[in-house]
Amino acid sequence: MLDPQLIRNELDNVASMLKKRGMNLDTNTIQELEDKRKVIQIRTEELQSLRNSKSKEIGKIKGQGGDAGEVMKEVADIKSELDKSAVDLENVQSLLTAIMQAIPNIPHESVPDGNSEDDNEEIRKWGSPKTFDFEPKDHVDLGEQSGLIDFEVATKITSSRFVVMKGDIARLHRALIQLMIDTHSSEHGYTEVNVPYLVNAESCLGTGQLPKFEEDLFHIEKHNFYLIPTAEVPVTNIARDEIIDANDMPLKFVCHSPCFRSEAGSYGKDTRGMIRQHQFEKVEMVQLVKPEDSYIALEELTGHAEAILQKLDLPYRVVALCGGDLGFSAAKTYDLEVWLPGQQKYREISSCSNFEAFQARRMKARWRNPETNKAELLHTLNGSGLAVGRTLIAVMENFQNKDGSITIPEVLRIYMNNQTVIK
RNA sequence: GGAGAGGUGGCAGAGCGGUUGAAUGCACCGGUCUUGAAAACCGGCAAGGGUUUAUAGCCCUUCGUGGGUUCAAAUCCCACCCUCUCCGCCA
């Protein structure tokens, strides 16, 4: 959520900054509601104040053994007007909140202009697409050949967009998780956490999945819990309603978790293979930092994700998302795109974002600023480090051999009993 | 799932219908003392919102959450959530 004060005081300015996203803010409606709110709120609070002082008077009179009948009558009149005014206020305010919660974050000034992913700006490239002296297969064909990836049985067990991995592929998948967590915790200073995969509605509200994106989530109605679409939700919410000591900042967490996404609106997109699943695993990095540090932190965090790709010797590029492609809560996002020989394309494998105070405001995640000695909103960031399923695909496709076997990257071998190849 | 106890400011912990937004302690900030520090002493210190040029004043709201009773609720009633103890079940 944006700062309501900012929206109130600089409505036109906010609207023009949101244009970068291709969003047209309905400033007239907001201004109208806002004007209404002001009048009603002032009146309501006046009445409350009056009621309070009169009630105190009654207390005083009664304490002295007097007759408070007349004052009590006055209060009764105040009350009936107050009740009506309070209802009006609540109506206007709930309308305003609904609008405010649906307003996305303001893009950082460095975010490139543009409407779609075609307008994203390539920042840098690492490595170059591998050349093969044979026609490279995609991971589906490779998995089918070895029999170690089974989509059909997963469809039987649950439905489409699920997968069963077996044997060395399942193990390779697990090895990737180990590599990522170990690297981030021992080399990049993150604290490993293990968190709930079911969260309540407040947590989803905190990170911005609710109220706007309910249809993307799996919901357990009986308990009103949501399956996490990313570890970002439970991990970032560690700081919800907390005031973090300045000495403990920045807080850096790394977390492996399954992610559940209903992929509503993505039907027909990436239906082949493991690119887009209802359930996948991800290693997520989350940082809670002082506001002044958040853009340096974004660069670092992106570098931490890149380090994994470099260790795996996977060619990739970094793109800065343009305004139109930016996620709802993010002020700035770098996507890491890995080269997939099977598709002859760079595909997203990580997304690293600075949310500034957007999530923190919703979560009341604050820190004690020693300079002001006040609790102030902190900044939140997160990034995939990396999406495990997609990394598995990338390894399979980039390290495939002519016979369909897969060479295991050096760094993973210690997690695989020094095995060198998967047949 | 059953029985009991409880949820109050950054933390601990009083208050159990009316000058209580909340005693007290700790933490924190400022000061005195000190070569400096500690100790001691003095003072300050909740959050959110509205109004406003204002981080000044004034006002409103908040004692788990939501409802109710009352002129008045942290205090009484109801529902829900959570925590703790005991019992049951269980990886």
Side-chain angles (χ1 to χ4, degrees), chain A residues 1-11 13 30-31 33-101 194 196-206 210 220-226 234 237-249 251 288 291 357 360-378:
Chain A
M1 189 147 96
L2 293 175
D3 184 356
Q5 303 259 23
L6 185 73
I7 294 176
R8 195 172 299 148
N9 298 332
E10 299 180 40
L11 186 55
N13 199 7
I30 294 174
Q31 193 60 57
L33 282 170
E34 182 49 37
D35 292 345
K36 242 188 190 166
R37 188 227 96 230
K38 189 164 170 170
V39 173
I40 299 172
Q41 181 161 359
I42 289 174
R43 181 60 185 153
T44 306
E45 292 186 357
E46 254 172 32
L47 291 166
Q48 284 173 324
S49 175
L50 210 57
R51 178 204 58 193
N52 291 345
S53 60
K54 292 281 175 192
S55 287
K56 273 187 186 163
E57 226 173 277
I58 293 170
K60 235 180 237 171
I61 295 171
K62 286 204 165 177
Q64 293 164 354
D67 175 18
E70 212 162 295
V71 191
M72 285 172 78
K73 215 176 253 174
E74 270 180 72
V75 176
D77 291 340
I78 295 167
K79 241 197 119 180
S80 65
E81 195 192 337
L82 174 59
D83 285 347
K84 196 189 151 294
S85 189
V87 170
D88 290 347
L89 180 61
E90 207 179 293
N91 287 339
V92 180
Q93 262 170 345
S94 68
L95 278 173
L96 267 171
T97 334
I99 292 174
M100 301 276 219
Q101 285 186 338
N194 188 293
Y197 304 149
L198 293 173
V199 294
N200 56 33
E202 290 79 62
S203 293
C204 294
L205 215 67
L210 288 181
I220 306 205
E221 280 178 38
K222 187 178 168 194
H223 301 276
N224 198 24
F225 292 151
Y226 294 86
N237 272 281
I238 288 173
R240 171 151 55 90
D241 294 321
E242 300 285 342
I243 299 170
I244 314 282
D245 193 300
N247 296 320
D248 297 334
M249 309 262 281
L251 284 178
L288 307 166
R361 185 169 295 108
R362 292 178 167 220
M363 287 195 298
K364 289 200 196 70
R366 293 168 300 174
W367 67 298
R368 181 80 59 188
N369 185 344
E371 282 177 27
T372 60
N373 206 27
K374 292 250 172 199
E376 297 172 8
L377 295 174
L378 46 76

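Values below: every heavy atom of this structure, side chains too, minus hydrogens, waters and symmetry copies.
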Please report the distance separating the [atom1] of [N] from the corresponding atom of [M], rounded so that it comes out in whole Å.
{"N": "B/rU19", "M": "B/rU75", "atom1": "P", "answer": "14 Å"}
{"N": "B/rC42", "M": "B/rA47", "atom1": "P", "answer": "25 Å"}
{"N": "B/rC33", "M": "B/rC28", "atom1": "P", "answer": "22 Å"}
{"N": "B/rC82", "M": "B/rA91", "atom1": "C1'", "answer": "24 Å"}
{"N": "B/rU20", "M": "B/rA74", "atom1": "P", "answer": "13 Å"}
{"N": "B/rG2", "M": "B/rC16", "atom1": "P", "answer": "33 Å"}
{"N": "B/rG1", "M": "B/rU65", "atom1": "C1'", "answer": "24 Å"}
{"N": "B/rG15", "M": "B/rG64", "atom1": "P", "answer": "15 Å"}

*No-hydrogen, no-angle side-chain donor-acceptor test under 3.5 Å, A/Asp35 and A/Gln31*: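 Checked: A/Asp35/A/Gln31 side chains pair up, N/O donor to acceptor below 3.5 Å.
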
*asked:* Distance alone, cut at 3.5 Å: any donor-acceptor contact between the side chains of A/Ser203 and A/Asn200?
replied: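 Checked: A/Ser203/A/Asn200 side chains pair up, N/O donor to acceptor below 3.5 Å.
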
*asked:* What range of RNA chain B does chain A touch, first nucleotide to last, counting atoms under 4.0 Å from its heavy atoms?
replied: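 The footprint of chain A covers B/rG10 to B/rA72.
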
*Would you please test A/Glu46 and A/Arg43 for salt bridge (charged side-chain N to carboxylate O under 4.0 Å, His left out) and show each step?*
CA-CA 5 Å; A/Glu46 254 172 32; A/Arg43 181 60 185 153; 2.8 Å; yes

_Nearest atoms (heavy-atom pairs only) where A/Leu205 meets A/Arg362_ =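 Minimum heavy-atom contact is O-NH1, 3.0 Å.
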
_Exercise: identify the closest heavy-atom pair between A/Pro291 and A/Trp367_ =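 Of all heavy-atom pairs spanning A/Pro291 and A/Trp367, the closest is CD-NE1, 3.5 Å.
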
*asked:* Reading RNA chain B from 5' onward, which residue's closest nucleotide shows up sooner: A/Met72 or A/Ser49?
replied: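 Result: A/Ser49.
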
*Nearest-nucleotide wise, let me know which of A/Glu45 and A/Gly59 is further upstream toward the 5' end of RNA chain B.*
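Mapping each residue to its closest nucleotide by heavy atoms, the 5'-most match is A/Gly59.
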
*asked:* Can you tell me how far apart CZ (A/Arg37) and CD (A/Glu34) are? Round to the nearest 0.5 Å.
replied: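 So the gap between those two atoms works out to 4.0 Å.
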
_Euclidean distance, A/Glu242 CD relative to A/Lys364 NZ, rounded to 0.5 Å_ =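 Rounded to the nearest 0.5 Å, the NZ-CD separation comes out at 12.5 Å.
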
What nucleic acid atoms does [X] come within less than 4.0 Å of, heavy atoms only: base, sugar-phosphate, or nothing?
{"X": "A/Lys364", "result": "nothing"}
{"X": "A/Ile243", "result": "sugar-phosphate"}
{"X": "A/Arg43", "result": "nothing"}
{"X": "A/Lys38", "result": "sugar-phosphate"}
{"X": "A/Arg37", "result": "sugar-phosphate"}
{"X": "A/Gln5", "result": "sugar-phosphate"}
{"X": "A/Asp245", "result": "nothing"}

Provide the Watson-Crick or G-U wobble partner of [N], both distances under 3.5 Å; none if there is no partner.
{"N": "B/rC63", "value": "none"}
{"N": "B/rC26", "value": "B/rG10"}
{"N": "B/rA40", "value": "B/rU32"}
{"N": "B/rG1", "value": "B/rC87"}
{"N": "B/rA74", "value": "none"}

*Are the side chain of A/Ser94 and the backbone N or O of A/Glu90 linked by a donor-acceptor pair below 3.5 Å?*
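Judged by distance alone, yes, a pair lies under 3.5 Å.
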
